Each structure stands twice: as structure tokens, then as C-alpha cells.
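Step one of this worksheet: look at the structure below.
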Amino acid sequence: MTDFITKQRRTHNCGELRVSNVGQTVVLMGWAHRRRDHGGVIFVDLRDREGLTQIVFNPEVAPEAHRKAHSIRSEYVLAVRGTLKRRLEGMTNPSLPTGEVELMVEELEILNESKTPPFVLDTEADISESIRLKYRYLDLRREQLQRNLVLRSKVAEAARNYLSGAGFLEVETPFLTKSTPEGARDFLVPSRINPGMFYALPQSPQLFKQLLMISGFDRYYQIVKCFRDEDLRADRQPEFTQIDIEMSFVTEEDVLGVMEGLMAEIFKKGLDIDITTPFPRLTWEDAVERYGRDNPDIRFDLELRDITDIAAGCGFKVFAETAAAGGIVKAMKVENGKRLSRKDLDELPGYVSEFGAKGLAWARVNEGDWTSPIYKFLDPRDVTAINKKLEANPGDLILFAADTPSVVNEALGNLRMRLAQRLGLIEPGNYSFVWITDFPMFEYSEAEGRLVALHHPFTSPLPEDIPLVDKDPAKVRARAYDLVLNGSEIGGGSIRIHRSDVQKKVFSTLKIGDDEARSKFGFLLDALEYGAPPHGGIAFGLDRIIMLMARAESIRDVIAFPKTQKGTCLLTDAPSPATPEQLMELSLKVVKG
RNA sequence: GGGGCCGUAGUUAAGUUGGUUAUAACGCCGGCCUGUCACGCCGGAGGGCGUGGGUUCGAGUCCCAUCGGCCCCGCCA
């Protein structure tokens, strides 16, 4: 066996040869994707990151190479040298970019053999995810994941170029840092040198980027891992990547404008799609009112209407009593309601029950009346009023939910999404951005029995609402904004508090005492006293953006080495127990498990 | 913490009301084939049904527990 690879260099990749290269002597290296042995001539599709090229072993051209080629199996690693030929008419493969040419092999070296892979790599077949994850390095050879990671790399590159061109500096911030109250559960890292002490992995570089503004860096960005020890979902991993950004001397308009440019750039470079800017904006209040959620998909209508005022005085007890008890009644109109059968309607209560709704009323609008289980309880005037409010016409279907505001909004907001999918109202390939602004500053947490920051405690209130921070915190609006794409929150940020007196006030409303604020955020409060500039920023979830761009169903499909829903890695078997020696060194004792 | 779906050859799946040696396709192995490109044709090997209990004359099919994968609620400032 010759040491081919030391003598010859790869001249091309497997995706680039065309008719214009015909006649050239070519060296290719790659994996045997498929093999077709005709007894005489043998065809192999040679694969690398860039594509497939058919290579041909003909006993009359190169007997030695042809003899060796008999042993080629799937995923063998090959180096071949030969002459590029144009394929004869009728023998081309229009489904391959390289399909008009083929490499007539003169010399073959098998660089490595391969065991038979546990699953075939050359099809779109659905392989169970646990096997794919265990052999992730093989799954990553498949076209779909290769495409996703190429897209991810392109987008990250476009983001860096854009931000760098706009005067942003990339600065790294620590992973071994301080645990912060509020927010998600932290991952802790024990300190060997300081027994009994722990670092926390950052949930985001939030405080460091603010400190960088105070340091005068003016414009900062970082594409950075963040860590949150919470349960996983189809779009949530315990470690994920943010495009983290912060700017000094800016208002909301500056931040939003630069970010719209960033989105346009990554969609252009990643998918060659032109995004229209500026993006539409909705206040948080309008978003919840009209769509039931703060991450609305605005590609379709099915808007919600509040009919609590009509319901309060109507004869249907469930509605009237809900209204009397401070709840709300909202409704959604489905045009051409025949698209939902009685059976479909019977399934809806089960679906909304996932969100805490106790039921879902429906009405089919006819000329002059309704077909509806609740029609007999209603006065004709109420029916007319509801029709009018929803602009409902004969043939339409109206769906109602009555409960607390959060249950109604969540139930109908999610139902809206489901119906849109069911009725095919969503055009694939359509990207629709919307900014959500004017979030409430605080939100009551049942679990903690106190107000918590909806965004985070460093978000600045609207200037005119600052006096309300002590008096009526529930009414305070924040200078926060989220970017929503097709019903997914892909980023969020705010103009920050840059005055220590305001920051202290917010901590106090959050019932974070002086001592606690001092011990947890003392460094920030100190820094704010040394000439902190007005500043604000945003962080984008890179994984989610890539998911949407790649139309992936799972965040795992856009991450090279993701975790399972239980947070384990089937490839490496992490996490795993620590040895007694490791624990001893860290002054740790495992109590159970 | 809770709800749901799913674990049968290497892979993807089928397996009737529990009943002889558990099916198929792809993959794999061998043979034939000089123009295929999901090559074709012929032949072959390969699992005892995630694991552990139980019910039964008899369990892939029923029951319980447990492990694992996925989806969702809670959680995720």
C-alpha cells in the first residue's frame, strides 16, 4: 500500500467538479457513500462536506484499482486519483450538481476501513433519536445535520461581520462566576481552592456586559454559551448560545434599528432571503389582548376579542359568573367554520385543558341565530352584540373561553396557533418579525409570594413610570423589548438602569433587601456610582434562530452535540458519578443517589 | 413534581380476541452481472420482543414495577 496521502494533495472537494474540469487529473478524498458493483465496472459515490462525486473503477482502465475497489464498503475512507470525464448522454444524474461528470479512477488508496454503520447514512430515513445521539459523529455525516451546522456557521459569521462593521467589540466574559438570585436555577461548580464555595455558570453575561459599558467599551458583543438548570423542551437546552449585545448612549430606537439590520444581514447571508425592515411593533398589552401571548405569530389572523362586558350581563351563568368574579371572557372567530367538524370541536376542550381552561364554548353563526350549546342561555341582543364585536358573518365559527385572564389568554393563544396549523393558515418559508415593547416591569410570583422582575431587575422602568415603582409597581412599564419571529421569542433586551438610586428602588420593590443586594450585586451598585453611561442591549437565542431558519423541529438538530430531555449526553454518558477522590478534593459529600 | 406517546433482527416497522419453529423492507454476508446512480438478479445469516416480577396450561400480546427516548404542563428573570 502506497502512502498516497503523503505524496498527493487533494485537488478538489466532492461537490465542485463540473464539465469545465473535464480532462483534468484530479485527486479526491472522502467517504464511500454508496457502491454499485456491476461485476465489471464499479461505481462509488464519494462524499465529503461539499457533496457527492461519482467515481468509476473500470478493469480495462486501471486493473489494480479495480481489484482493490472490490473491498470498498460503506463509509470507507478513500483517496483516488484519476481523470475527470464527461458522462455520456443519458448517463448523467440531474439530481447531483456534479452529475454531468465522473472521475475515472487510475489509483486508489483505502485510507481507512469502517465497520458497518449502525444506521444507514444515505437516506432521509427516520432513525430513532437515541441511536442517532449515541453515534452522533455518524449522524453528523448526514446531509440534514451538515446543512444545519453549515447554516449555523454562516449565520455566526454574518453576525460577527455585521457587528464588527458596526463598531462592536467582541469581549469574553467569565464562565466561572457568581450565582445570582432571580431567574433560572444555576449550575454550580465547586471551588477546590475555597472549600464549600461555589462558582455559578452564567445564565447570561448580563452584569458583565453592563460593567463593560461602564468601562467605556461603548459597543460590545459576544457569541457565547449560557447555562440554565431548568427542564428541557424541544426548543430548550441547558447550555445554549446567545448573540449577546450591549450599547452605550442609546435609546430603544438605536438598539432596535441596529438589530433589524443584524437580522436582515443574517437572513441574507444564511438563506439569501431579503427581510423587510423596520419590523412592526406591538405593545405587550396589545399582544396579549389580540393574540393571547407575548410571542404572537402574526402571519395569520384569528385574533382574540374581549367580550367580558357583554358576558357580564348575559344569561349564560358560566360567562356571567366568571365576569363577576374578576375573570374575563374572550372569543375567537374562525371564518368558514365548516372546516372544523363537530368531532374537531369535541376535541378542543381536551386541548385547552392542558392550559388550565375548564371548557371551551362554540357557536356556529347562521342567518339570524347560532347553532350552539349555549345559544338557549343567551338573549338575542347578546348574540347580536357578540356577532358585531367579532365581525362574525353567517358560516363563521366562534370559540369562547372564560376564566382568569392568564388562563383565557394562554388557552386561546395556544388554540390559535393550533388552529392555524390545522387549517393550513401558515405559509411555510414566510418569516414574520415583530417587536414586543412596553412589558410590565414586575409580575406577581405565586411560588415566591412576591413581585419578581418580568425581564430582569436591571431593566429600566419607563421614565414616566419611575414614580410608580414604590406606589403601584404592577402598573410600571419597562423599557424592555422582545423580538418575536413566527411565534417564537428569539431575543429580548432592554434599556438598563444606569443610576444606582433607581436600581436600589427596584431591588427594594422586589423585596431584595439592602444586605442581599449588597452581597449579590454590590459590585454593580458600586459601579453604577462611577459614571455609568445610559446603556441598553439585547440577547438573541442563536439556537432558536437557526432552528427557524433551518425549519428544524428540535433544537437538537442545530446543535452538534446536544443533550437528551433528561439532560444527559448519550455519546459521552455525561453526567456521571465523581470518584471518591474527586469529591474529597472538592470537600463534597454526595448525600443521596 | 404531573400528563401523554413509544421501546420487537443492525435500522424502520407489522404482529389479529394471549396459542405451533416471531413477519416484512432496507442494511449485512456470499454468488452472478461492464453504465449504474435507492443498480439488478439468485442465495444466506441474523432477534426471542428494553429490564425485572406476576397472572396463565401457555405472554411480544394482560397486570405491576423499573430503565430509556420523545412531546407537553409546572419551571425557564
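Since we're looking at a predicted model, the values are computed, not measured.
Residues in residues 35-51 of chain A take part in these side chain to side chain donor-acceptor pair (under 3.5 Å) pairs, two or more places apart or across chains: A:H33-A:R47, A:R36-A:D45, A:R36-A:Q54, A:R47-A:E75. Each ring pair (Phe, Tyr, Trp, His ring centres under 6.0 Å) pair with one or both residues in residues 63-101 of chain A, not counting sequence neighbours, appears once here: A:H66-A:H70.
By the side chain to side chain contact (heavy atoms under 4.5 Å, CB included) test, A:Q503 pairs with A:F458, A:I497, A:V506, A:F507, A:L524, A:L525, A:L528, sequence neighbours left out. Checked against salt bridge (charged side-chain N to carboxylate O under 4.0 Å, His left out), A:R233 has no partners two or more places apart in sequence or in another chain. Remark: A:H498 pairs with A:A532, A:P534, A:H535 by the side chain to side chain contact (heavy atoms under 4.5 Å, CB included) rule, at least two apart or across chains. Checked against salt bridge (charged side-chain N to carboxylate O under 4.0 Å, His left out), A:K504 has the following partners two or more places apart in sequence or in another chain: A:E529. Shown here are the side chain to side chain contact (heavy atoms under 4.5 Å, CB included) partners of A:P238, two or more places apart in sequence or in another chain: A:F187, A:L232, A:K563.
Against the 90° criterion about 0, the sugar-base torsion of B:G60 places it in the anti range.
Heavy-atom distances under 4.0 Å link RNA chain B to A:R36, A:D37, A:H38, A:G39, A:G40, A:V41 of residues 35-42 of chain A, given in residue order. Using a 4.0 Å cut-off on heavy atoms, none of the residues of residues 498-516 of chain A approach RNA chain B.
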- request: Produce a footprint string for nucleotides 44-51 of chain B: one letter per nucleotide, 5' end first; B if the base is under 4.0 Å from any protein heavy atom, S if only the sugar-phosphate is, - if neither.
  value: --------
- prompt: Where along nucleotides 70-75 of chain B does protein come under 4.0 Å, by heavy atom, of base (B) or sugar-phosphate alone (S), with - for untouched nucleotides?
  reply: BBSBBB
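Across B:C28 and B:C70, the matching P atoms stand 28 Å from one another, rounded to whole Å. Distance check on atom P: B:A24 versus B:C42 gives 15 Å, rounded to whole Å.
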Close N or O pairs between protein and nucleotides 5-11 of chain B (under 3.5 Å):
{"residue": "B:G10", "atom": "O2'", "partner": "A:P118", "partner atom": "O", "Å": "2.5"}

